[in-house]
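First the structure, in the form of structure tokens, and then the observations on it.
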Amino acid sequence: MSGSAGAAHAHAPSPFRQPKAVWAVAFACVISFMGIGLVDPILPSLSGQLGATHAEVELLFTSYLVVTAIAMLVTGWVSSRIGAKRTLLAGLTLIVVFAALAGASSGIWGIVWFRAGWGLGNALFIATSLAVIVGSSTGGFAGAIVLYETALGLGIATGPLVGGLLGSVSWRGPFFGVSVLMLIALVATLVLLEKTPVPAEKARISEPITALKHRALATTGGVGLLYNWGFFTMLGYAPFLMGDLNPIALGGVFFGWGVLVAIFAVFGAPWLKERFGTARTLYGALLAMAVLLAAIGIWDTTPAVVIVAVILSGIVVGLNNTLVTTAVMSISPVPRPTASATYGFVRFIGGGLAPFAAGLMAGALGASVPFVIAAVVVVAAALLLSTIHRNLEDADAEAAQPGPSHERTDAEAAVREVPGSPGEAILAEDALEHDRR
């Protein structure tokens, strides 16, 4: 891989010289990643205007993420039978339809159910988009990875801002906005992207579940579940503790959060991993997240503390999103697509249940309770991670060896396969940096 990677860098002066088909999928990636923080700025508006409880509003996260989790189990099975392009188009179509239906809904329960359909589409799209971009690129493998990372960062950072701007007009705005933008991406992808071949080997639908019998994968999946419980408690419920901020101001807060997520996922995580190792960096990031969650729990009636804590959490969210993926991919004894699907399933279950649980606990026991509990849960994630400390150190030592390592040898192949995760792109770019040195 080293030679081909170096050649790719040498003959790709700009990562942005790509075919129109790649641009179409990259544009869709930006819109899809916007969905992570798009609804945050309108949560208080939805609660007030639709007469919904906080717990009911939090179901917008729960239905979306739980369905995404379950869908991750079948993305490999689907794509191996109909091909990456058709899987991509199916996901885009579902997002267009269900986002529009959510915007046209008259009550909170309609939005909740349509967000579930949106989650199914998002799982199919995200699981295949990286492989499609890399496979369709003519500007070099490294250039395609940089383009995907750029789309990831833009989407995460601008999603809350777009949600706030459109939400200031109407709570329906973000939903209709996503539907229209994804429709443009759908048409462009349909017209510009050539048909992708159906893989010769068909994935078995049971593979992601049976993979949990491996201790290393089950443990890192458990770490992801516990960490995502804390993360989505913050992402889902913190907007209700920020005072009387309007949707634009809330969008600005989460824009700051998203910028830090993007910067530390793409640049901070590889830098810290090289200097301190995967395990020690993750311990620090998880404990920092626990401190921020505890701060919100203690000062839940002080909006300034909540706002600062949420923005700063972008640092640790960016580190964790990349480095837990690193841990999963580097120590799992199963093929990377299977590991990606299994990890996605387990971690999104935690992320989906946490916001709804936070709404129930806050309503019954007070707003500080879900954050204090989330802080304890994230500390438990760090303790669970410590049980595979040796595995992570061994993987880091192998990656640092001169010549082809497990990580560098597999990086290019991994991003061409489905299902995949956004973190795969960052791992691949990190591996190519090692090759260049």
Side-chain angles (χ1 to χ4, degrees), residues 21-22 24-26 28-29 31-33 35 63-99 101 113-136 148 182-183 185-190 192-212 217 221 325 328-329 332 334-349 351-352 413-425:
V22 172
V25 179
C29 285
I31 309 306
S32 179
F33 292 132
S63 62
Y64 178 81
L65 290 169
V66 169
V67 170
T68 297
I70 296 171
M72 288 300 295
L73 297 176
V74 302
T75 49
W77 184 86
V78 171
S79 64
S80 69
R81 282 159 176 78
I82 67 175
K85 179 180 178 179
R86 289 179 178 175
T87 305
L88 196 71
L89 292 175
L92 287 169
T93 301
L94 288 171
I95 295 172
V96 169
V97 171
F98 284 107
L101 289 172
W113 285 110
F114 293 135
R115 276 279 285 179
W118 186 346
L120 174 60
N122 197 60
L124 294 171
F125 174 78
I126 290 298
T128 53
S129 58
L130 175 58
V132 169
I133 284 181
V134 171
S136 303
Y148 186 86
M182 276 302 203
L183 179 59
L186 171 62
V187 173
T189 302
L190 179 64
L192 299 174
L193 182 63
E194 295 182 1
K195 182 179 179 180
T196 56
V198 176
E201 184 176 348
K202 302 294 188 290
R204 294 193 304 273
I205 201 167
S206 61
E207 287 177 355
I209 292 295
T210 57
L212 284 171
L217 180 54
T325 302
V328 171
M329 300 307 167
S332 296
V334 298
R336 284 195 173 204
T338 301
S340 181
T342 303
Y343 173 64
F345 165 68
V346 175
R347 74 179 177 124
F348 281 132
I349 289 294
V415 297
R416 296 182 185 275
E417 298 173 325
V418 290
S421 68
E424 286 278 19

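Since the model is a prediction, treat every value here as computed from it, not as a measurement.
Residues satisfying the side-chain contact (heavy atoms from CB on, under 4.5 Å) test with A188, not counting sequence neighbours, are A24, L192. T68 pairs by the side-chain hydrogen bond (donor to acceptor under 3.5 Å, both in side chains) definition with nothing, not counting sequence neighbours.
Here the closest heavy-atom approach between residue S79 and residue T128 is recorded as CB-CG2, 4.2 Å. Between I31 and M182, the shortest heavy-atom contact is CG2-CG, 3.8 Å. Across all non-hydrogen atoms, the minimal contact from K195 to R86 is NZ-NH2, 4.0 Å. The two atoms that bring I95 and F125 nearest to each other are CD1-CB, 4.5 Å, heavy atoms only. Nearest heavy-atom pair across G351 and L65 is O-CD1, 3.4 Å. The two residues L183 and V96 come nearest to each other via the heavy atoms N-CG2, 3.4 Å.
Atom CG of L89 is separated from atom CG of L190 by 5.5 Å, given to the nearest 0.5 angstrom. Going from atom CG of L94 over to atom CH2 of W118 covers 12.5 Å, rounded to the nearest 0.5 Å. Rounded to the nearest 0.5 angstrom, L186 CG and T93 OG1 are separated by 4.5 Å.
Here the rule is side chain to side chain contact (heavy atoms under 4.5 Å, CB included) with T87, and of V78, V132, T75, L92 only V78 fits it.
Put simply, the side chain of W113 does not reach to within 4.5 Å of the side chain of L101, judged on heavy atoms. Side-chain atoms of L193 and L88, non-hydrogen and from C-beta on, do get closer than 4.5 Å to each other.
Ring geometry for F114 versus F98: interplanar angle of 30 to 60°, hence tilted.
With hydrogens and angles ignored, the 3.5 Å screen pairs a side-chain donor or acceptor of T189 with a backbone N or O of A185.
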Inset, instruction - For side chain to side chain contact (heavy atoms under 4.5 Å, CB included), just list the numbers for T338 and L217, CA-CA rounded to whole Å, side-chain angles, deciding distance to a tenth of an Å, and then say yes or no. - result: CA-CA 10 Å; T338 301; L217 180 54; 5.7 Å; no

